[in-house]
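Some notes on the structure that comes next.
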Amino acid sequence: MAALLACLVLAPGWGTRPVAQTASGIVDVAIVLAVDCSWSVDQDEYDQQMQGLSAAFRSSDVIKAFRSGPNGRIAVALVQWAAPDAQHLSIPWAVLETPADALALAERIDAAPRTIADGATSITAAVSTGILLHRSNPFDADRQVIDVSSDGVNNTGGRPETARDYAVSLGITVNGLTILNEVKYLDHYFRNHIIGGTGSFVETAVDYADYHRAIKRKLLREIGLPLS
């Protein structure tokens, strides 16, 4: 695990102070959004993931959800991932406390170019990158979540269970959003090999066109809004 963590490539801004940090520095949940950029994801599919995320943070439902928590704020960071040596921090930790914060994050997501070229699928490295981000965050979070979106199974970088179990040992929950356009059993694979921790779950998108709906629902669950 130490060797894997050491090889991860992260963008400038790693560990920088989050925007809109409040005096207390306490957030209800800190979420690492891990966006799949592996070989199976073309540019249009990457764009659909990012557009779905930005639309979710513009939605009144998500804004109402994070403002309704005990502390009234959450923190979000975004990572693009593929192979073990292809992990990039696109958006460092941002604290969302007001509607303006959410809209600003949505604009940053819209403006974020794809920085990871096609490569292998290392969910192991994606989870490990999320662990590094949580361990370096400059604030207290009541809950810590790694939110992994993918359309494929792990095929390099070691067993994903190792990274998941390490995350869980640190109190970090690993959730999954599976896109079933290629691997129809991917949601079952994630339940057996990827997710873990308190309240962990898998959200499923039928295809990339369905990602918009699925990621909004997933974020609402992670922020803490009960959904049937």
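We use all heavy atoms of the structure for the numbers below, so side chains are in, but hydrogens, waters and symmetry mates are not.
- The side-chain hydrogen bond (donor to acceptor under 3.5 Å, both in side chains) check on Asn181 picks up nothing, with sequence neighbours excluded.
- In this structure Glu107 satisfies the salt bridge (charged side-chain N to carboxylate O under 4.0 Å, His left out) test with no other residue, sequence neighbours excluded.
- Each salt bridge (Lys or Arg N to Asp or Glu O under 4.0 Å) pair with one or both residues in residues 29-51, not counting sequence neighbours, would appear here, but there are none.
- Listed by chain and number, the residues in a side-chain hydrogen bond (donor to acceptor under 3.5 Å, both in side chains) with Asp142 are Asn71 (sequence neighbours excluded).
- With contacts defined as side-chain heavy-atom distances shorter than 4.5 Å, the pair Leu219/Phe57 qualifies.
- Remark: His212 pairs with no residue by the side-chain hydrogen bond (donor to acceptor under 3.5 Å, both in side chains) rule, at least two apart or across chains.
- With sequence neighbours excluded, the residues satisfying side-chain hydrogen bond (donor to acceptor under 3.5 Å, both in side chains) with Arg213 are Asp210.
- With sequence neighbours left out, Leu103 forms a side-chain contact (heavy atoms from CB on, under 4.5 Å) with Arg58.
- Thr173 is linked by a side-chain contact (heavy atoms from CB on, under 4.5 Å) to Val145, Asn175, Thr198, Ser200, counting only residues two or more places apart in sequence or in another chain.
- Arg114 is linked by a salt bridge (charged side-chain N to carboxylate O under 4.0 Å, His left out) to Asp118, counting only residues two or more places apart in sequence or in another chain.
- The side-chain contact (heavy atoms from CB on, under 4.5 Å) test applied to Ser68 returns Lys64, not counting sequence neighbours.
- Applying the salt bridge (Lys or Arg N to Asp or Glu O under 4.0 Å) test to pairs two or more places apart or on separate chains, those with a residue in residues 172-189 are Asp187-Arg191.
- Listed by chain and residue number, Pro84, Ala120, Ser122 satisfy the side-chain contact (heavy atoms from CB on, under 4.5 Å) test with Thr156 (two or more places apart in sequence, or in another chain).
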